[in-house]
Each structure stands twice: as structure tokens, then as C-alpha cells.
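If you're wondering where the values come from, they're calculated on a predicted model, not measured in any experiment.
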Amino acid sequence: MNKNLFLGITSLLSFSLFCGTSLSYGQSPSADLKTWPKGTSPKEIGTRVADHFVVTPHTNFGKPTPPKVITYPESCAWYGALTFAKASGNKKLTQRLAERFEPLFGEESKMIPIPDHVDYCVFGSVPLELYLQTKDKKYLELGISIADKQWGPPEGPRVKEESHEFYKQGYTWQTRLWIDDMYMITALQAQAFRATGNQKYIDQAAKEMVFYLDQLQKPNGLFYHAPDVPFYWGRGDGWMAAGMAELLSSMPKSNPNRERIMKGYTDMMASLLKYQGKNGMWNQLIDDPEAWPETSATGMFTFAMITGVKNGWLDKETYGKAARNGWLGLVSYINENAEVTNVCEGTNKKNDRQYYLDRKQNTGDLHGQAPILWCATALLR
């Protein structure tokens, strides 16, 4: 037998055994999102990753020095750990995550980000989730103050001329038409709606999402990293996928923007199906077969698909298989320290394919830890 053919068959069989399937030629993988091989269940994985997060010092984008404020990857991982604690019924974990927060009301108060930028505002989703689980109003007051600032009048040194125009049109003054924003904004505003029941929060987030979809989504359902950078960067698109899933999961069916957002979401999910690797992973550049498998994007896409299958927005058989393969692919990139490998470092835009291919592949970066927790939560819901 040809050596390369032998190695390819061996690799395929190994992966199928890992996925808990008896995959044979012509047979499709399972769409089961409840039964998992030992060591890969969402409860086991989520517990490992959340426990690791609780004892991790505040991170600063890989720098050895502590951050001046809580960074957005930490906010996203903290939120994910809290939702996982609720979905898994782990009240001790919720308590530990609340204890981690307590210094922010005291000696670490200066680490609460000033809510004058979308990346800082997403922090508000953490106290709002703590309120939802503990009913302690100090969390509600903090979280809502941040959500309201995001849609309040422009203020502070980050205000630009266009900030006033966006505000006048009913958008957040922090609008900048970066695809990352559609998680940072929707996660906070959806949480404010969940915590208060006030429909204004979900309505303004929905209006903002439609604006971004109309401006940025390409005919194939995906998004360039920026209008002047024609590359489908994985994590950038991941923020859009996760943001739409977060928003749709709480948006009332009567919302006039729901149908438009659902179309943007389903168009994106259909396109992503075409680019998922046999190992369940998506690449650093989604449509580039020479790019490397990237975990943060894979986690975000998998979360969006799990959420869609669970809510009946996506075909259970087709997308259940993709979601299962995505999860099993992801967990194969978690090391013995509960750290996710192959996480793209923080990335600015650049009109250069090689720039994206050469990005550093981090281990334990919270950009990658957070989506694992979101997926574990979604699978347990």
C-alpha cells in the first residue's frame, strides 16, 4: 500500500475513534450533542477550563506586567465561566467567581474599565451575569451603568466627529464598524435585557447589528477583517457569529429586526459549513487551505452552531454533526494544564495574507479559553 495512503487512513480512523464514531466510508459522523467519549464531555472540559480561569491572575495580552484594567478577553472568559457554572449547577464555582470579582468593589476598583470603548464595555456582561445568579443589586447597578453609558451621549477623549452622528441616528456612539464589535456590544446589551426585562436594550443592539450586517457582510455570508483588508480572518468572523447567536437567543420573535439578523446568521453558518476541516477545525484564514487550524475561531463558530441547533434555527442533522466535530476538534487542542493551544495572538488589520499566516500561536490565551466555556455552556443548556 502507498505510504501516504496508509498514513491518511490511519489518521482518519484515529480521529473517528476519538470522536466516538464508527466512521466508515460513506457513513456520516454523528449529530449527537449529548453523548461524549470519556474526557470530552462539556461538563468535564468546562470544569477544567473554568477551574483554571479562577486561579489565573488578571491577564495583559501575554505581557508579563499586570493590566491597568480588566481586558476584554478576561471579561469574555469570566462571563463564560459564570454561564458554565449556572448550566452545570456548580454553585461553588459561581461563589469562587464572585469572590474573584469582590476586590473590584474595593482595592482593585481602578481596574474596572471606563466604558468609553466597545472593548471596555463588554466587561459589564460579567456583573450582570453575577446579578442574574446571585440577585445582589450591586452587580446590577454596575452592569447597567455600563450598558447605559454605551448608548448615552458621546463623552471622553475617545469621542470622534462621527460619534455624534451615530448617536443622533440611534446607534451607540462607540460604533466603528469593526466586526469584533458585534460581540462586545451585543453581549452587554443582551445581558442588560436579561437582567432587567427592559426591551430597549435588545432593540438597540438589534438595530446596531442590522447596521453592521448591511455594511459589512459579503454575499458569501462571511466578513472581511476590515473593508480595506480582503481576508476572512477566523476570530474576527467568530465575534460576528457568536454575537448573532447571543442576540438571537434572547431577542423576542416580535422584534422587527429579527428576520434580517436571522438571515445574516443562517447565511454565515451555511458558508462556514464549506470550510470546516475533517478534524472539526476552521483555519486562521477561513477559506485558505494553507492556513493553520485556529482554536478561538473554531470555538466561536462551534458555539454559534450549537446555539442554532438547540434553538431550532439550524438543521439538527447537518449542523449537529458540524458542532459535534467542532467540539471534539477543539478539546483535542487542550493540554494537561487545561490551556487551549493554537490561539491566534491579538491581531490588527493588515492587507497582507502572510501577516495572518505568520501570527503567533499562543497557549492559554483567554481569546481561546473563553469560547470553550461558551460551547460547554451551550451544550449543557
Just list the side-chain donor-acceptor pairs under 3.5 Å for residues 370-380, sequence neighbours left out, or say none.
residue, atom, partner, partner atom, Å
Trp374, NE1, Cys76, O, 3.3
Thr377, OG1, Thr83, OG1, 3.0
Thr377, OG1, Phe84, N, 3.0
Thr377, OG1, Leu373, O, 2.9

Applied to residues 87-112, the ring-ring contact (aromatic ring centres under 6.0 Å, His included) test, sequence neighbours excluded, yields Trp78-Phe101, Phe101-Phe105, Phe101-Phe123, Phe101-Tyr139, Phe105-Tyr139
Within 45° cone of Tyr319 ring axis and under 6.0 Å: Lys321 NZ or CZ | no
The complete set of salt bridge (charged side-chain N to carboxylate O under 4.0 Å, His left out) pairs with one or both residues in residues 44-59, sequence neighbours excluded, reads Asp51-Arg96
Sequence neighbours excluded, the answer for salt bridge (Lys or Arg N to Asp or Glu O under 4.0 Å) partners of Arg381 is none
Taken to the nearest 0.5 Å, the spacing of Glu339 CD from His52 NE2 works out to 4.5 Å
In short, ring-ring contact (aromatic ring centres under 6.0 Å, His included) pairs touching residues 269-296 with sequence neighbours left out are Trp282-Phe301
dist Tyr212:OH -> Asp181:CG (nearest 0.5 Å) comes out at 3.5 Å
So salt bridge (charged side-chain N to carboxylate O under 4.0 Å, His left out) across residues 246-260, not counting sequence neighbours, yields Arg194-Glu246, Asp214-Arg260
Next on the checklist: Taking Trp313's backbone N and O only, do any of them form a donor-acceptor pair with Asn311's side chain (distance below 3.5 Å, no angle check)?
Outcome noted: no
Report task. Answer yes when Asp180 and Lys349 have at least one side-chain N-carboxylate O distance shorter than 4.0 Å, and no when they do not. Result -> no
In short, salt bridge (charged side-chain N to carboxylate O under 4.0 Å, His left out) pairs touching residues 102-112 with sequence neighbours left out are Glu102-Lys138
Heavy-atom nearest pair, Thr35 first then Arg324, reads O-NH1, 2.7 Å
If you measure only the distance, is there a donor-acceptor pair under 3.5 Å linking the side chains of Glu165 and Gln169? no
Which of Trp239, Phe303, Tyr72, Trp178 passes ring pair (Phe, Tyr, Trp, His ring centres under 6.0 Å) with Tyr183? Answer is Trp239
Item to complete: Please confirm whether the backbone N or O of Leu82 pairs with a side-chain atom of Gln133, one donor and one acceptor, at under 3.5 Å?
Response: yes
The salt bridge (Lys or Arg N to Asp or Glu O under 4.0 Å) partners of Lys149 (sequence neighbours excluded) come to Glu155
Hits for side-chain hydrogen bond (donor to acceptor under 3.5 Å, both in side chains) against Gln174, two or more places apart or cross-chain, chain-then-number order -> none
Looking only at heavy atoms, the pair that brings Ala206 and Leu247 closest together is CA-CD2, 4.0 Å
With sequence neighbours left out, the residues meeting side-chain hydrogen bond (donor to acceptor under 3.5 Å, both in side chains) with Glu336 are none
Is the backbone of Gln191 close enough, under 3.5 Å, to the side chain of Ser125 for a donor and an acceptor to pair up by distance? no
Report yes or no: do Gln204 and Glu208 form a side-chain donor-acceptor pair below 3.5 Å?
no
Hits for salt bridge (Lys or Arg N to Asp or Glu O under 4.0 Å) against Lys263, two or more places apart or cross-chain, chain-then-number order -> Asp267
Does Arg158 make a cation-pi contact with Trp173, if we ask for NZ or CZ under 6.0 Å from the ring centre and within 45° of the axis?
no
The side-chain hydrogen bond (donor to acceptor under 3.5 Å, both in side chains) partners of Glu294 (sequence neighbours excluded) come to Ser296
(request) Could you tell me whether Lys350 sits above the aromatic face of Tyr356, with NZ or CZ closer than 6.0 angstrom to the six-membered ring centre and within 45 degrees of the axis? (result) no
State, yes or no, whether a side-chain contact exists between Pro230 and Tyr224 at a heavy-atom distance under 4.5 Å. yes
Between Ala297 and Gly234 the two heavy atoms that sit nearest each other are CB-C, 3.3 Å
Can you tell if the side chain of Asp148 reaches within under 4.5 Å of the side chain of Lys200, non-hydrogen atoms only?
yes
| query | Between Thr298 (side chain) and Thr295 (backbone), is there a donor-acceptor pair under 3.5 Å? | reply | no
